[in-house]
Amino acid sequence: MKNNSVLALVLLLSGCDLIPFSGGALTGTLTEPPSSWTDAANPEIVELETNPIDPYSVKLWIVGMGPNLYVHAGANRATWVEHIEQNANVRLLIDESLYELSAVRVESEAEFAAFAELWEAKYGNRPRNENVNEAYLFRLLPR
């Protein structure tokens with residue numbers, strides 16, 4: 001009976017957008033990136049695909065700030081972070097729009113601070129680990 005309860009819980013949670021299960025290649029309508037991500041980044045959760053040779057996708061929170069779009073992993077060197085370190089080309093799915101982008105790690109304390117303010121306004125809490133040297137914050141740019 002205990003195993004059935006655990007299985008039921010896993011199945012229930014797997015449909016939840018906050019569970020970071022990974023997937024493969026994303027599909028959608030290839031779209032040119034907007035000149036400003038401020039409004040385009042309204043959805044709370046999007047999907048990011050890394051590792052073009054063997055696509056790996058995850059659900060993430062995002063923040064748009066004018067021409068810049070950000071994804072954040074805190075100090076967690078997740079699989080998607082490792083992929084970006086090996087190949088900066090990513091694809092992002094927002095609703096049905098698929099964007100081909102390139103990821104650049106943010107190293108500026110001022111840029112991280114501006115991102116953190118928008119993160120808090122959107123999600124109601126500060127980002128995990130605000131030390132720019134330890135946290136994995138990426139700015140996504142058009143290729």
Side-chain angles (χ1 to χ4, degrees), residues 4-143:
N4 288 340
S5 297
V6 172
L7 179 60
L9 179 61
V10 168
L11 291 174
L12 175 67
L13 293 176
S14 67
C16 177
D17 284 337
L18 299 179
I19 304 300
F21 289 115
S22 61
L26 298 175
T27 59
T29 303
L30 197 56
T31 306
E32 287 293 318
S35 58
S36 173
W37 286 100
T38 302
D39 292 329
N42 279 338
E44 285 192 14
I45 298 171
V46 299
E47 290 185 80
L48 180 74
E49 176 190 308
T50 61
N51 197 29
I53 294 170
D54 184 16
Y56 177 90
S57 61
V58 292
K59 292 183 179 183
L60 299 173
W61 291 355
I62 59 167
V63 168
M65 182 170 48
N68 298 320
L69 182 66
Y70 298 92
V71 292
H72 182 245
N76 180 19
R77 197 161 182 274
T79 300
W80 65 269
V81 170
E82 292 177 4
H83 288 165
I84 287 173
E85 290 175 338
Q86 294 173 9
N87 184 331
N89 289 334
V90 300
R91 297 186 336 149
L92 182 79
L93 184 64
I94 300 178
D95 297 322
E96 295 300 316
S97 297
L98 186 63
Y99 302 97
E100 292 186 331
L101 305 167
S102 182
V104 176
R105 186 165 178 190
V106 172
E107 297 177 349
S108 160
E109 288 182 25
E111 185 175 6
F112 194 102
F115 154 80
E117 292 297 320
L118 290 173
W119 180 276
E120 183 176 26
K122 183 173 183 178
Y123 295 108
N125 56 20
R126 301 293 293 182
R128 296 172 301 190
N129 195 338
E130 294 188 47
N131 182 333
V132 73
N133 296 315
E134 296 174 1
Y136 295 97
L137 174 64
F138 294 93
R139 181 182 339 102
L140 303 182
L141 305 168
R143 285 193 216 167

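No experiment lies behind these values; they were computed from the predicted model shown.
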Would the distance check show the side chain of [X] and the main-chain N or O of [Y] forming a donor-acceptor pair, the cut-off being under 3.5 Å?
X: Arg91; Y: Thr27; answer: no
X: Arg143; Y: Leu101; answer: yes
X: Thr38; Y: Ser36; answer: no
X: Arg128; Y: Ala73; answer: yes
X: Thr50; Y: Val90; answer: no

Gap between atom [atom2] of [Y] and atom [atom1] of [X] - 0.5 Å precision:
X: Glu49; Y: Trp80; atom1: CD; atom2: CH2; answer: 14.0 Å
X: Asn131; Y: Leu137; atom1: CG; atom2: CG; answer: 12.0 Å
X: Glu44; Y: Ile62; atom1: CD; atom2: CD1; answer: 10.5 Å
X: Asn51; Y: Gln86; atom1: CG; atom2: CD; answer: 7.0 Å
X: Thr29; Y: Asp95; atom1: OG1; atom2: CG; answer: 11.0 Å

Next item on the list: List for me each residue that meets salt bridge (Lys or Arg N to Asp or Glu O under 4.0 Å) alongside Glu111, sequence neighbours excluded, and say none if there are none.
Entry: Arg139
Note to self: Which residues pass the side-chain contact (heavy atoms from CB on, under 4.5 Å) test with Thr79, not counting sequence neighbours?
What the structure shows: Tyr56, His83
Check: Residues in ring pair (Phe, Tyr, Trp, His ring centres under 6.0 Å) with Tyr70, at least two apart?
Finding: Phe115
Check: More than 12 non-hydrogen atoms from neighbouring residues, nucleotides or ligands closer than 6.0 Å to CD on Glu109, yes or no?
Finding: no
Note to self: Within the supplied structure, the quantity of interest is the number of heavy atoms (other residues, nucleotides, ligands) at a distance under 6.0 Å from Ile53 CD1; does it exceed 12?
What the structure shows: no
All side-chain hydrogen bond (donor to acceptor under 3.5 Å, both in side chains) counterparts of [X], not counting sequence neighbours:
X: Ser102; value: none
X: Arg77; value: Glu82, Glu85
X: Asn129; value: Glu134

Note to self: Under a 4.0 Å threshold between the charged nitrogen and the carboxylate oxygen, would Glu117 count as salt-bridged to Lys122?
What the structure shows: no
Next item on the list: Check whether any side-chain heavy atom of Pro34 sits under 4.5 Å from a side-chain heavy atom of Tyr99, and report yes or no.
Entry: yes
Checklist line | Leu69: which of Val46, Val63, Leu92 passes side-chain contact (heavy atoms from CB on, under 4.5 Å) | finding: Leu92
Minimum heavy-atom distance [X]-[Y], with the two atoms named:
X: Ile84; Y: Ala103; result: CG2-CB, 3.6 Å
X: Ala135; Y: Phe112; result: CB-CE1, 4.0 Å
X: Gly24; Y: Ser57; result: O-OG, 2.8 Å

Note to self: Pair Leu48, Leu140 - check side-chain contact (heavy atoms from CB on, under 4.5 Å), show working.
What the structure shows: CA-CA 11 Å; Leu48 180 74; Leu140 303 182; 4.2 Å; yes
Check: Of the options Trp119, Phe138, Trp61, which is the one that meets His72 in a ring pair (Phe, Tyr, Trp, His ring centres under 6.0 Å)?
Finding: Trp119
